Peer 1: 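Mind looking over this structure? Questions follow.
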Amino acid sequence: SDVADGHTAVVKIGLCEDVATGSPVWQTLGACAQQDHVKLRFVELPPADLVQFARAGVIDLAFVPLMMDLQGLRVVHRWAESWLAVLPAGHRLASRAQLSPADLTDESLILGERDEPGAGLQLIEQAFSRSGMPTPSVVRAKHRSTMMVLAATGGGIAFVPESLRLLDLP
């Protein structure tokens with residue numbers, strides 16, 4: 001009713017690296033920003049912190065990966081995203097449109113930390129488990145940018161959400 005009375009509503013929105021590049025996020029935020037009586041305030045935190053803040057009412061809305069415990073929160077599934085392999089230029093697998101776990105058995109993988117729910121670790125482990133293939137050797141990296149640099153310099157194969165293509169990285 002404050003907005004109906006001409007007041008401005010402040011909507012506190014939490015973002016994390018794992019969803020900040022997804023176009024559905026920006027479509028949603030763009031629609032909110034076009035409202036005359038709505039101001040958006042952003043906070044960027046790790047996904048687990050965003051969930052905790054949403055539960056406590058500190059933020060109004062959080063965009064987080066679905067690979068988290070979201071029990072007790074109203075969840076709206078906005079999109080599903082494909083993942084891409086990041087390989088150094090000239091890698092023997094770089095020309096393939098799709099990779100299977102069998103293609104990766106002789107490769108070193110660069111994966112996120114186990115405590116980072118949006119790092120894709122669970123997806124990769126599930127793919128190897130379903131295929132019956134052992135998971136290759138793994139290098140851990142906390143940040144997606146570190147994973148990409150390691151992959152680009154030959155440190156292994158990393159996996160990133162397809163929406164990172166929006167950033168037009170080499």
Side-chain angles (χ1 to χ4, degrees), residues 13-31 42-54 61-71 73 75-170:
I13 299 172
L15 297 169
C16 61
E17 178 184 38
D18 301 309
V19 298
T21 56
S23 60
V25 170
W26 296 115
Q27 290 169 359
T28 301
L29 298 180
F42 298 97
V43 61
E44 183 182 10
L45 293 168
D49 293 345
L50 291 175
V51 169
Q52 204 171 22
F53 279 22
L61 175 67
F63 288 95
V64 297
L66 279 178
M67 296 170 259
M68 303 189 63
D69 175 16
L70 301 174
Q71 190 172 5
L73 296 172
V75 176
V76 177
H77 184 240
R78 292 289 297 155
W79 77 99
E81 188 162 30
S82 298
W83 285 67
L84 303 175
V86 179
L87 309 157
H91 190 281
R92 68 179 181 86
L93 299 173
S95 63
R96 301 244 185 122
Q98 289 188 329
L99 298 174
S100 71
D103 297 324
L104 303 172
T105 56
D106 295 330
E107 301 292 334
S108 180
L109 303 184
I110 304 164
L111 300 177
E113 296 288 342
R114 193 160 294 283
D115 64 343
E116 292 293 327
L121 176 63
Q122 293 170 337
L123 296 173
I124 302 304
E125 288 179 337
Q126 289 169 2
F128 278 94
S129 177
R130 280 193 308 270
S131 72
M133 306 292 298
T135 304
S137 64
V138 173
V139 174
R140 299 267 183 226
K142 182 137 183 91
H143 300 284
R144 187 160 291 130
S145 56
T146 304
M147 295 166 68
M148 293 173 66
V149 167
L150 287 171
T153 58
I157 297 175
F159 300 90
V160 299
E162 187 173 23
S163 61
L164 283 181
R165 283 186 178 192
L166 295 172
L167 300 178
D168 198 26
L169 300 170

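A quick note: this is a predicted structure, and the numbers were derived from the prediction, not measured.
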Peer 1: Quickly, which of P136, S129, S131 forms a side chain to side chain contact (heavy atoms under 4.5 Å, CB included) with P101? Name it, please.
Peer 2: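 Output: one option passes, namely S131.
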Peer 1: What are the two closest heavy atoms between A151 and P88, and how far apart are they?
Peer 2: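 Looking at all heavy atoms of both residues, the closest pair is O-CD, 3.2 Å.
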Peer 1: Are any side-chain N or O atoms of H91 and backbone N or O atoms of L93, one a donor and one an acceptor, separated by less than 3.5 Å?
Peer 2: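 Present.
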Peer 1: Quick check for you: to the nearest 0.5 Å, what is the distance between L50 atom CG and L45 atom CG?
Peer 2: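 L50 atom CG to L45 atom CG measures 5.0 Å (nearest 0.5 Å).
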Peer 1: Which of these passes side chain to side chain contact (heavy atoms under 4.5 Å, CB included) with F159: L109, V86, L84?
Peer 2: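 It is L109; the other options fail the test.
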Peer 1: Evaluate the side chain to side chain contact (heavy atoms under 4.5 Å, CB included) criterion for residues M147 and V160: first the C-alpha distance (whole Å), next the side-chain angles of each, then the deciding distance (0.1 Å), finally the verdict.
Peer 2: CA-CA 9 Å; M147 295 166 68; V160 299; 5.7 Å; no
Peer 1: Check the pair L104, I124 against side chain to side chain contact (heavy atoms under 4.5 Å, CB included), reporting the backbone distance first and the verdict last.
Peer 2: CA-CA 11 Å; L104 303 172; I124 302 304; over 6 Å; no
Peer 1: Give, for atom CG of L150 and atom CD1 of I110, the distance between the pair rounded to the nearest 0.5 Å.
Peer 2: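 Answer for the CG-CD1 pair, L150 versus I110, is 4.5 Å.
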Peer 1: In chain order, what residues pass the salt bridge (Lys or Arg N to Asp or Glu O under 4.0 Å) check against R92, with sequence neighbours excluded?
Peer 2: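 Checked R92 against salt bridge (Lys or Arg N to Asp or Glu O under 4.0 Å); matches are E107.
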